[in-house]
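Below is one structure; the comments refer to it alone.
Residues take their numbers from the sequence shown, with the count starting at 1.
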Amino acid sequence: MRTVAVVGASLAGLSAARSLRKQGYDGRLVVIGDELHRPYDRPPLSKEFLAGTVDETDLALEMDGEDLQAEWLLGVRATGLGRTDRAVRLADGREIRVDGLVIATGAAARTLPGSEGLSGVHVVRTLDDARALRAELARGGRLVVIGGGFIGAEVASTAHLLGLDVTVVEAAPTALAGPLGESMGAIVSALHADHGVRLLCGVGVKGLSGEHRVDAVLLEDGRGIPADIVVVGVGARPCVEWLAGSGVALDNGVKCGADGRTSLAGVVAVGDCANWYDPHAGAHRRVEHWTGARERPDTAVATLLAGGATEPGAPRPPYFWSDQYGVKIQFAGHAAGADSVTVEEGAPDDRNVLAVYRRAGQPVAVLGMNQPRLFTRWRKQLGRTTS
């Protein structure tokens, strides 16, 4: 291969570029990113960065003196991929003809319809998003978080620490039931009430009110929640529109094999936009976690450089962590499909728990709340039983 392009310049894209060089690729390497920023770490954006305990230099993912001998095209968006000429088309009119391609375009935060042009309404996905929200939180006031998932919970925790009056609105009957299941989701989301943050579950959002700036969140049950600031945390959509007509199969992102290969030869996908096949589960799963963006590019790059001749193994069970109200939450595996969950250590009321999810008696997931040592032990065991 004479030219390989990595489209996406966040963690997954940087990890892929590093893997290419580490695995011996010495040709032309082009890294394309739609943000102007060099690669940066996203998990702190909803926590330490918002709180002001880390600055932008602390977010840098590249090491001092690191040089991948790559051409960095930042601040330019990919708009298309030629089906026959294998050319990545850019918004500024340029085209990059490639022999190999790594798709790492990530995902974009979903927004609330009708909130366009209304100041005080935020999402938290990019550094620029977090900059804008941090400036508003510094002024204090009433914050309403729409969505009780992990991003919303982290923002709520940080804002509470900063002294804001915080309400979290979640449409589902139990917050975090999707990733954690109902019983453990209820235990983890109870952290809000423990710290005086209101959590309203089982009610949807009808809209927002305000002429130029938001002043309330309107609920479907007729209530209105006064708000000076609103954060929308209702998930993300994979950024794959630019691949329409390219021959790359799309299904909840880029549809991939267990090694990142796509339907188009010489093209692999990694990160939040990649819907990898999980042979253990017998289904495709799009994993939006830091560890997946860090680890899976090694496998995908090996597949790309070998021309698809490698035999894929099972991906490692997904792992993520969250810090809320001083509690470290860790989770590995898949809660969906588990037929039981048991607390192996600690007490739920103390928010100090190690819980194991099982299917037919076999561990499929593990949750830890302030149990890092025991969690690590169970995570390793989980990796052995699902490989």
Side-chain angles (χ1 to χ4, degrees), residues 8-10 33-37 40 42 45-47 49-52 56 74-79 90-92 105-156 158-160 162-172 197-198 200 203-242 244 272-273 288:
S10 193
D34 61 353
E35 293 186 65
L36 286 168
H37 310 294
Y40 60 88
R42 294 184 190 272
L45 295 181
S46 56
K47 302 184 286 288
F49 183 79
L50 277 189
E56 293 182 20
L74 300 178
V76 60
R77 181 171 50 88
T79 57
L90 306 181
D92 61 7
T105 40
R110 297 186 186 278
T111 57
L112 195 67
S115 64
E116 301 83 1
L118 198 61
S119 64
V121 182
H122 299 264
V123 296
V124 184
R125 187 76 186 184
T126 69
L127 176 57
D128 291 337
D129 292 338
R131 283 173 173 171
L133 179 57
R134 184 166 75 168
E136 293 234 48
L137 294 181
R139 292 195 286 268
R142 299 163 298 181
L143 169 68
V144 177
V145 178
I146 301 173
F150 282 101
I151 291 294
E154 289 169 359
V155 171
T158 303
H160 171 73
L162 294 173
L164 281 81
D165 178 86
V166 183
T167 300
V168 179
V169 179
E170 168 57 51
V197 170
R198 292 179 296 278
L200 306 179
V203 59
V205 171
K206 183 179 181 180
L208 306 177
S209 71
E211 187 173 351
H212 300 292
R213 183 178 179 87
V214 67
D215 58 30
V217 175
L218 307 178
L219 305 184
E220 290 181 343
D221 63 7
R223 284 180 290 174
I225 310 298
D228 303 300
I229 309 166
V230 171
V231 171
V232 180
V234 292
R237 56 172 182 79
C239 297
V240 295
E241 298 89 347
W242 67 284
D272 292 0
C273 70
E288 297 184 59

Item to check | Main-chain N/O of Ala172 paired to Glu170 side chain as donor or acceptor, under 3.5 Å | outcome: yes
Item to check | Atom pair OG1/CG of Thr167 and Leu143 - distance to nearest 0.5 Å | outcome: 8.0 Å
Item to check | Nearest atoms (heavy-atom pairs only) where Val232 meets Val123 | outcome: O-CG1, 3.7 Å
Checklist entry - Out of Cys273, Pro238, Ser10, which one pairs with Thr105 under the side-chain contact (heavy atoms from CB on, under 4.5 Å) rule? => result Cys273
Checklist entry - When you look at Ile229 and Arg139, which way does the side-chain contact (heavy atoms from CB on, under 4.5 Å) test go after all the steps? => result CA-CA 10 Å; Ile229 309 166; Arg139 292 195 286 268; over 6 Å; no
Item to check | Heavy-atom pair with the smallest gap, counting every atom of Val217 and Val230 | outcome: CG2-CG2, 3.6 Å
Item to check | Considering all heavy atoms, the nearest Ala9-Leu74 contact | outcome: CB-CD2, 3.9 Å
Checklist entry - How long is the span from the OG atom in Ser115 to the CG atom in Leu208, to the nearest 0.5 Å? => result 6.0 Å
Next on the checklist: Using the rule side-chain hydrogen bond (donor to acceptor under 3.5 Å, both in side chains), only one of His160, Arg198, Arg142 pairs with Asp165; which is it?
Outcome noted: Arg198
Item to check | From CA spacing to verdict: side-chain contact (heavy atoms from CB on, under 4.5 Å), Phe49, Leu133 | outcome: CA-CA 10 Å; Phe49 183 79; Leu133 179 57; over 6 Å; no
Checklist entry - Which atom pair, heavy atoms only, marks the closest approach of Gly204 to Ala171? => result CA-CB, 4.2 Å
Next on the checklist: Measuring from atom OG1 of Thr79 to atom CG of Asp92, what distance do you get when rounded to the nearest 0.5 angstrom?
Outcome noted: 8.5 Å
Checklist entry - In terms of side-chain geometry, is the basic nitrogen of Arg42 or Asp272 positioned less than 4.0 Å from the acidic oxygen of its partner? => result no
Checklist entry - Are Leu219 and Val205 close enough, and set up right, to give a side-chain contact (heavy atoms from CB on, under 4.5 Å), and what steps lead you there? => result CA-CA 4 Å; Leu219 305 184; Val205 171; 4.1 Å; yes
Item to check | Heavy atoms of other groups near Glu116 CD, more than 12 under 6.0 Å | outcome: yes
Item to check | Minimum heavy-atom distance Tyr40-Leu45, with the two atoms named | outcome: CE1-CD1, 3.9 Å
Checklist entry - side-chain contact (heavy atoms from CB on, under 4.5 Å) between Leu200 and Arg223: does it pass, once the steps are laid out? => result CA-CA 11 Å; Leu200 306 179; Arg223 284 180 290 174; 4.2 Å; yes
Item to check | For Ser46 against Ile151, the heavy-atom pair lying closest together | outcome: OG-CD1, 4.1 Å
Checklist entry - What is the distance from atom CZ of Arg237 to atom CZ of Arg110, rounded to the nearest 0.5 Å? => result 7.5 Å
Checklist entry - Is Arg213 salt-bridged to Asp228, cutoff N-O under 4.0 Å? => result no
